[in-house]
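Order of the sequence lines sets the chain letters (A, B, ...), proteins ahead of strands, with each chain counted from 1.
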Amino acid sequence: MLLFQGQQFVILPNSEGSYLGYLTRLIEKNGGHLISSVEDETGSGLATIDSSTIVLLNSSFVDENFNLIQENFLLRELRPFNISLWNFIKENNLKCIDIKDISIFIKNKKFDLNLVQLVNIEGHSVFKLNDGVTTVQTIKSEGTNNSSDEKILESKSESESESESESESESESESESESESESESESESESESESESESETDIEIDVNRKTKGNNDRIVNPLAKLARKYKVEGDTFRARSYNLAILSIDKYTLPITSGIQAQKEIPNIGPSIAKKIQRILDTGTLPGLEQASEQFDSLQYFSTCHGVGSETAKRWNSLKLDSFKDVLEKFPNEFAVEWPILFGWSYYEDWQKKIPRSVCAKYLQIVEDELFLLDPDFKVELQGSFNRGLPECGDLDLLFYKPGCDDLNVLCRTIEEIAIRLYKKSFVKCFLQLTEQIEKVFGNQVRERLAKIRLTENKPKKFNLAPRIKKALLGVQLQEPISIEPHNEIVELKDNDKFMSLSNEDTSKYDYCRRMDFFICKWSELGSSRIHFTGSSEYNRWMRLKAIEKGMKMTQHGLFKDDRLLESFNEKKIFELLDIEYVEPQLRNQVNKRQKK
DNA sequence: GGGCAGCGCAC
DNA sequence: GTGCGC
DNA sequence: GCCC
């Protein structure tokens with residue numbers, strides 16, 4: 001008797017892919033029947049589906065709590081007739097599981113739904129239209145077809161249902177995890193601020209993860225180490241830990257020994273294996289607590305925009321413990337690096353996550369202004385927004401103009417837009433200066449310098465860039481925000497609060513947000529979109545692929561021997577790299593080297 | 001033991 | 001070249 | 001830190 005004999009499955013969404021192909025072959029080899037949902041315009045999938053059919057969901061649409069996420073993206077990938085399929089699934093309450101759980105059945109040589117966790121698809125309704133929020137989403141189809149560069153407005157609002165922080169309760173279904181459900185709470189008291197804003201962390205990790213699965217107690221100390229190495233500037237080591245964590249997260253079986261982990265999980269080598277064993281034995285790692293004072297100091301400083309690990313280490317070794325302290329003893333630190341003053345001023349606001357629905361409002365304001373300046377210009381939200389994350393760390397805007405490769409035009413346009421928006425009080429601060437920007441914003445910098453009494457002896461002469469290819473800004477929406485449950489942030493010390501411009505009263509304005517303007521030549525649209533959409537880890541992976549093929553990939557294109565192969569057509573770049581094209585929302589996951 | 005993405009901007 | 005950020 |  002074959003494993004899946006007599007069992008019917010349907011895979012959603014219906015995209016092809018090598019991994020998917022592998023799984024389908026696996027299922028069929030084991031006697032399972034797959035309803036074809038791909039390329040099936042006849043609706044026969046709907047005809048053959050029945051209430052015992054198991055729905056296999058792509059892992060990207062399942063969160064750690066086994067809830068369906070990003071249903072709107074799922075729907076977008078379904079063809080029209082498959083929407084009815086989806087509705088059938090919901091109406092008849094078909095059992096849904098994460099597709100990767102297929103491997104659990106194979107491993108256990110048993111098809112038993114009790115081995116896995118069913119995915120909850122409740123709470124999502126097809127085409128729900130709540131609170132009238134419309135989300136602007138850019139369609140990224142590429143090629144010579146210019147009309148595909150238009151934006152469309154979707155009237156689907158985001159599935160906001162992933163409310164954070166209260167769902168601690170699903171772990172008991174993990175069959176053996178109850179016993180440690182309290183022991184982990186002591187090991188990890190602080191929740192981290194930076195989760196998926198790739199501007200802050202190299203790798204996007206949700207440190208506030210809610211699952212308290214078996215492997216979580218292992219992950220938390222490792223995450224601490226990753227953060228420790230990150231603030232110390234050891235980025236490669238920090239990245240290694242983060243990759244290990246992501247691999248552990250993907251590993252669905254319980255980890256019972258360090259050796260096992262090293263053998264079966266990629267990105268775990270001898271050192272981490274040893275630490276895992278230590279955690280399993282003692283529940284923690286030695287040295288995590290002692291190091292924490294230095295860690296706190298480094299983290300405190302480097303959370304500020306413009307302060308990196310080197311500066312943080314220097315200040316820490318000088319026994320400075322607050323920005324005010326730095327100011328009193330080494331005032332020059334701020335006079336030279338004036339952008340740090342704004343990092344200090346917006347220290348708290350800039351750590352707060354931006355909900356998707358709010359992102360669209362920010363885009364709208366820039367879009368409106370851009371249209372007045374030059375209706376042919378385009379602007380798109382890139383970054384984590386484009387990857388469909390429910391909240392973003394900052395806003396990445398890519399500007400371009402069809403047919404225009406003139407850097408001067410492009411540079412001048414973002415500068416002009418930023419200045420106009422500054423005059424409208426939308427832009428709150430610039431983090432670089434040009435001659436034009438200095439005219440409107442210079443006084444504001446001087447005001448900040450005066451605030452720390454640094455203007456008397458030096459009538460500051462700023463360095464002015466001739467032009468800017470990117471603009472780093474602080475922006476603020478002139479409207480109140482809805483209650484925003486934000487992650488815990490690092491708070492400014494009382495000593496340092498006098499500089500703060502962070503928003504205390506959200507009844508009138510949103511928080512100040514970080515917004516970045518980037519430009520790209522029309523001929524480089526595809527490679528720029530890949531670059532700015534990220535994630536940074538995805539970029540790394542792709543660029544490694546390029547290296548393997550003797551090519552080089554940058555935001556300006558794909559090159560071989562310094563000859564441009566492709567830069568305009570996004571899909572062509574994937575093709576040339578032998579990578580299957582994936583939509584932006586699937587570029588959150590890390591593609592990594594596999595352990596053989 | 002070398003590589004780990006590659007670039008822009010300020011200094 | 002270094003530091004920082006994207 | 002890990003991978004080759």
Side-chain angles (χ1 to χ4, degrees), chain A residues 197-203 222 225-226 228-230 232-247 261-262 265-276 301-314 332-333 335-340 343 350 382-384 393-398 407 411 430-434 462-473 514-520 524 527-528 530-548 551-559 577 590 592-596:
Chain A
S197 61
E198 67 278 13
S199 44
E200 299 297 322
T201 19
D202 265 343
I203 299 179
L222 296 181
L225 279 178
K228 167 176 175 287
Y229 285 122
K230 190 201 161 200
E232 287 173 4
D234 191 345
T235 57
F236 290 125
R237 195 165 268 117
R239 180 163 177 254
S240 285
Y241 277 100
N242 283 328
L243 286 173
I245 290 167
L246 290 172
S247 299
Q262 185 178 354
I265 309 179
N267 297 309
I268 293 187
S271 173
I272 293 183
K274 213 167 134 190
K275 293 189 170 67
I276 288 177
F301 286 133
S302 60
T303 296
C304 175
H305 179 100
V307 180
S309 55
E310 294 307 310
T311 307
K313 275 189 282 189
R314 188 172 74 245
N332 271 344
E333 301 274 348
V336 180
E337 307 283 343
W338 64 266
I340 295 178
W350 286 353
Q382 301 282 326
S384 42
D394 65 0
L395 299 152
D396 301 315
L397 266 52
L398 182 63
L407 277 180
C411 292
F430 298 83
L431 296 168
Q432 328 104 287
L433 292 179
T434 64
F462 297 117
N463 219 60
L464 304 180
R467 66 178 193 189
I468 43 170
K469 291 185 178 174
K470 61 181 185 187
L472 312 187
L473 309 168
R514 280 281 292 104
M515 180 178 272
D516 299 323
F517 287 178
F518 303 104
I519 55 166
C520 79
E524 297 176 355
S527 50
S528 290
I530 294 174
H531 174 87
F532 289 113
T533 291
S535 65
S536 57
E537 201 50 41
Y538 192 86
N539 285 347
R540 281 200 181 113
W541 173 77
M542 233 175 145
R543 287 163 194 216
L544 282 175
K545 286 275 167 197
I547 291 173
E548 282 172 21
M551 305 175 188
K552 183 178 76 159
M553 190 172 155
T554 80
Q555 62 262 54
H556 302 300
L558 182 63
F559 300 86
L577 290 172
V590 189
K592 57 190 156 304
R593 346 159 230 217
Q594 292 300 321
K595 179 166 292 193
K596 275 283 87 185

Worksheet, complete the sentence: Among the nucleotides D/dG1, C/dC4, C/dG5, whichever has the atom closest to the side chain of A/Ser309 is C/dC4
Worksheet item: Which value, in whole Å, describes the distance between the P atoms of nucleotides C/dC6 and B/dC4?
Response: 23 Å
Response to the item:
note: A/Ile547, atom CD1; B/dG2, atom P; distance rounded to Å ~ 18 Å
Discussion item. Within the 4.0 Å heavy-atom criterion, would you say A/Pro339 contacts the bases, only the backbone, or no part of the nucleic acid?
Written reply: nothing
Worksheet item: Given B/dG8, is OP1 or OP2 found less than 4.0 Å from the side-chain N or O atoms of A/His556?
Response: yes
Worksheet entry | Euclidean distance, atom CG of residue A/Asn242 to atom P of D/dG1 [Å, nearest integer] | 13 Å
Item to complete: Select base, sugar-phosphate, or nothing to describe what A/Cys304 touches, counting heavy atoms under 4.0 Å on all strands.
Response: sugar-phosphate
Worksheet entry | Candidates B/dA5, D/dG1, C/dC4 - which lies nearest the side chain of A/Glu310 | C/dC4
Practice prompt. For A/His531, answer base if it contacts any base atom (sugar-phosphate contacts may also be present), sugar-phosphate if it contacts only those atoms, and nothing otherwise; contact means non-hydrogen atoms under 4.0 Å.
Written response: base
Discussion item. Between A/Lys545 and B/dA5, is there a contact of a side-chain N or O with OP1 or OP2 at under 4.0 Å?
Written reply: no
Fill in: Interatomic distance where CD1 belongs to A/Ile530 and C1' belongs to B/dC7 [whole Å]
16 Å
Worksheet item: To the side chain of A/Phe236, which of B/dA5, B/dC9, B/dC11 is closest?
Response: B/dA5
Discussion item. Just the rounded figure in Å: distance from P of B/dC4 to CG of A/Asp234.
Written reply: 16 Å
Worksheet item: Between A/Lys552 and B/dC7, does any side-chain N or O lie under 4.0 Å from OP1 or OP2?
Response: yes
Fill in: N/O (side chain, A/Arg514) to phosphate O (OP1/OP2, C/dC6) under 4.0 Å
yes
Worksheet item: Out of B/dC11, B/dG6, B/dC4, which has the shortest distance to the side chain of A/Val336?
Response: B/dC11
Worksheet item: NA contact type, A/Ala226, heavy-atom cut-off 4.0 Å: base, sugar-phosphate, or nothing?
Response: nothing
Fill in: Whether A/Tyr241 and A/Tyr229 hold their rings parallel, tilted or perpendicular, with breakpoints at 30° and 60°
parallel
Worksheet item: With side chains defined as the heavy atoms from C-beta onward, is the minimum distance between A/Gln432 and A/Pro339 less than 4.5 Å?
Response: no
Discussion item. Taking side chain to side chain donor-acceptor pair (under 3.5 Å) as the definition, give me every residue that meets it alongside A/Lys470, ordered by chain and number, with sequence neighbours left out.
Written reply: none
Discussion item. Can you list everything that forms a side chain to side chain donor-acceptor pair (under 3.5 Å) with A/Asp516? Sequence neighbours excluded, please.
Written reply: A/Arg514
Worksheet item: Between B/dG1 and C/dG3, how far is it from one P atom to the other, in whole Å?
Response: 25 Å
Response to the item:
Against the side chain of A/Gln555, the closest entry in B/dG8, B/dA10, D/dG1 is B/dG8
Practice prompt. Kindly state whether the pair A/Phe518 / C/dC6 counts as stacked, where counting means centroids closer than 5.5 Å and planes tilted less than 30° apart.
Written response: no
Discussion item. So A/Asn539, base contact, sugar-phosphate only, or nothing? Heavy-atom distance under 4.0 Å.
Written reply: nothing
Worksheet entry | Aromatic ring pairing A/Trp350/A/His305, orientation class (parallel under 30°, perpendicular over 60°, tilted between) | perpendicular
Fill in: Ion pair A/Arg237/A/Glu232, N-O distance below 4.0 Å
no
Practice prompt. Mind calculating the distance between CG (A/Leu544) and P (D/dC4) to the nearest angstrom?
Written response: 11 Å
Item to complete: For A/Lys470 and B/dA10, give me the distance from atom NZ to atom P, rounded to whole Å.
Response: 9 Å
Discussion item. Within the 4.0 Å heavy-atom criterion, would you say A/Met553 contacts the bases, only the backbone, or no part of the nucleic acid?
Written reply: sugar-phosphate
Worksheet item: Whole Å only: how far is the CD1 atom of A/Ile519 from the C1' atom of B/dC9?
Response: 13 Å
Worksheet item: Using a cut-off of less than 4.0 Å, is there contact between a side-chain N or O of A/Thr311 and OP1 or OP2 of C/dC4?
Response: yes
Fill in: Side-chain N,O (A/Arg540) to OP1/OP2 (B/dA5) below 4.0 Å
yes
Worksheet entry | A/Asn463 vs B/dC11: side-chain N/O to OP1/OP2 distance below 4.0 Å | yes
Discussion item. Taking the C1' atom in each of D/dG1 and B/dG8, what is the distance between them to the nearest angstrom?
Written reply: 28 Å
Practice prompt. To the nearest Å, give me how far apart CG (A/Leu431) and P (C/dC6) are.
Written response: 9 Å
Item to complete: Measure from the side-chain heavy atoms of A/Gln432 and tell me the nearest of C/dC4, D/dG1, B/dA10.
Response: B/dA10
Discussion item. From the set B/dA10, C/dC6, D/dC2, return the single nucleotide nearest to any side-chain atom of A/Ser240.
Written reply: D/dC2
Discussion item. Quick one about A/Lys313 and A/Ser309 (side-chain donor to acceptor, distance below 3.5 Å, no hydrogens or angles considered), yes or no?
Written reply: no
